[in-house]
Protein chains: 2
Amino acid sequence: MAQPALIESKDGAGQGPASLDSVLGFHIRLAHGAVYRHFSETFATLGLTQKQVSTLWLVAEMPGIAQSELGNRLRMDRATAMSIVSRMQERGYLWRERCPSDGRKQLLHLTDEGRNALDQAKTCIEEHERWLKSRFTSDEVKKLVEMLARIHE
Amino acid sequence: MAQPALIESKDGAGQGPASLDSVLGFHIRLAHGAVYRHFSETFATLGLTQKQVSTLWLVAEMPGIAQSELGNRLRMDRATAMSIVSRMQERGYLWRERCPSDGRKQLLHLTDEGRNALDQAKTCIEEHERWLKSRFTSDEVKKLVEMLARIHE
DNA sequence: TATTGTTATACTCTATAACTATA
DNA sequence: TATAGTTATAGAGTATAACAATA
């Protein structure tokens with residue numbers, strides 16, 4: 001983790017990236033990988049993944065959210081949302097309620113166990129975020145979040 | 001993709017993130033997902049993944065790089081590097097050379113076919129990067145890359 | 001017809017473990 | 001002992017396709 005990721009090199013004059021190191025998408029992927037790995041270590045004991053925590057958190061923030069809406073907000077398609085919600089249900093962290101006004105929809109709610117798991121997860125998130133944010137000033141964090149949001153919104 | 005990713009909410013006073021939307025790691029993951037999806041669309045016809053392109057590109061930049069060193073630079077463990085290098089070899093894009101001075105190492109080289117594939121890939125990358133960078137000024141891109149590098153270096 | 005959920009399937013990435021060969 | 005590669009295995013995320021139920 002000490003050496004530079006790639007050789008030093010600059011972009012050519014208008015003919016595309018000369019070096020892999022100048023590709024923005026490349027850095028997003030590497031940064032995501034580093035965050036993913038640290039997250040996994042932090043959450044090894046809890047046995048929850050990023051997506052699973054995001055799901056519990058969002059359901060806690062919006063009780064009764066439809067499964068499809070959860071997918072939209074976490075940028076998952078139906079099949080992916082389905083598999084994650086099902087796993088969280090199997091573990092007893094949330095339950096599905098058939099929507100009375102629209103029989104197609106499944107409304108999601110946390111169980112007490114799910115709320116407990118989320119509380120523990122939030123403590124881990126704090127630690128994880130401290131590790132991540134320690135390399136930035138608070139202004140930089142704000143700017144970084146704002147720029148990343150421009151990508152995924 | 002139009003609506004805000006999450007409900008509006010701010011952090012509490014020193015007791016951790018109040019809303020998922022204020023978690024930096026969350027935005028990194030969503031941004032990575034958006035980039036991943038656009039990349040996949042752009043590269044559907046070429047049939048190459050991000051990791052595969054990175055691998056070809058790095059071998060082109062550093063001919064004779066050892067497989068282990070490739071893994072270090074692209075932040076993959078041995079097993080992951082192995083599977084990606086093997087697939088690129090199966091497709092005839094690179095070949096392994098046993099290192100004469102250290103019999104444990106495999107030195108990597110692109111084939112002519114691999115160089116062709118990389119050239120095509122770079123054209124796609126340009127298009128992909130234009131899509132990605134269009135939301136930023138060039139100063140912002142520089143700042144973003146620099147901040148992301150602080151995470152993965 | 002469109003939306004939502006469901007199931008089945010497949011592929012990539014990631015990681016661990018165990019094994020071999022070499023240093 | 002340590003390093004490099006190899007193989008096997010497993011889990012997570014992502015996506016597509018096909019199907020049923022509902023609007």
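In what follows, chains are A, B, ... by sequence order, proteins preceding strands, each numbered from 1.
Ring geometry for B:His32 against A:His32 counts as parallel: the plane angle stays under 30°, on a 0 to 90° scale with 60° as the upper cut.
Residue contacts for A:Arg87: at a heavy-atom cut-off of 4.0 Å it reaches the sugar-phosphate backbone alone, with no base atom in range.
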Fill in: Check against salt bridge (charged side-chain N to carboxylate O under 4.0 Å, His left out), A:Glu146 and A:Arg150
CA-CA 6 Å; A:Glu146 187 269 317; A:Arg150 274 191 247 170; 2.8 Å; yes
Discussion item. Pair B:Glu61, A:Ser19 - check side chain to side chain contact (heavy atoms under 4.5 Å, CB included), show working.
Written reply: CA-CA 8 Å; B:Glu61 280 186 350; A:Ser19 154; 3.4 Å; yes
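Heavy-atom distances under 4.0 Å link DNA chain D to no residue of residues 46-56 of chain B. The stretch residues 88-96 of chain A comes close to DNA chain C through A:Arg96, each having a heavy atom under 4.0 Å from the strand.
No option in A:Leu118, A:Asp119, A:Ile84 other than A:Leu118 meets the side-chain contact (heavy atoms from CB on, under 4.5 Å) test with A:Leu56.
Within the 4.5 Å cutoff, side-chain heavy atoms of B:Trp57 are placed close to those of A:Val23. Under the 4.5 Å side-chain criterion, counting only non-hydrogen atoms from C-beta, B:His109 is not in contact with B:Leu94. Between B:Val85 and B:Leu70 the shortest side-chain heavy-atom distance falls below 4.5 Å. Looking only at side-chain heavy atoms (C-beta outward), B:Leu46 and B:Cys124 come within less than 4.5 Å of each other.
Distance check, rounded to the nearest 0.5 Å: OG of B:Ser68 to CG of B:Leu108 gives 9.0 Å. Note that CG of B:Leu24 and CZ of B:Arg29 are 12.5 Å apart. Values are rounded to the nearest 0.5 Å.
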Worksheet item: For nucleotides 15-23 of chain D, read 5' to 3', which letter fits each nucleotide if B means a protein heavy atom sits under 4.0 Å from the base, S means only the sugar-phosphate is that close, and - means neither?
Response: BB-----BS
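Look at A:Arg135 and A:Glu140 and you find no salt bridge, because none of the NZ, NE, NH1 or NH2 atoms lies under 4.0 Å from a carboxylate O.
If you measure from atom CG of B:Leu107 to atom P of D:dA4, you get 12 Å, rounded to the nearest angstrom. When rounded to the nearest whole Å, the span between CZ of A:Phe39 and P of D:dG11 equals 19 Å. Spacing between atom CG of B:Leu30 and atom P of D:dG13 amounts to 13 Å, rounded to whole angstrom units.
Within the structure, every pair that satisfies the salt bridge (charged side-chain N to carboxylate O under 4.0 Å, His left out) test and touches residues 80-103 of chain B, not counting sequence neighbours, is listed here: B:Asp102-B:Arg104.
Residue-to-nucleotide proximity on DNA chain C shows that, of A:Met82 and A:Arg29, the 5′-proximal contact is made by A:Met82.
Side chain of A:Gln89 to backbone of A:Ser86: no donor-acceptor contact under 3.5 angstrom is found. A donor-acceptor pair is defined here as one N or O able to donate and one able to accept, closer than 3.5 Å; such a pair exists between the side chain of A:Thr42 and the backbone of A:His38. No donor-acceptor pair under 3.5 Å is formed between the side chain of B:His152 and the backbone N or O of A:Gly33.
Using a 4.0 Å cutoff to heavy atoms of chain B, the contacted part of DNA chain C runs 5' to 3' from C:dT12 to C:dA23.
A rotation axis mapping the C1' atoms of four pairs onto the next four is fitted at both ends of the helix from C:dT1-D:dA23 to C:dA23-D:dT1 over five pairs, and the angle between these axes is 10° to 10 degrees.
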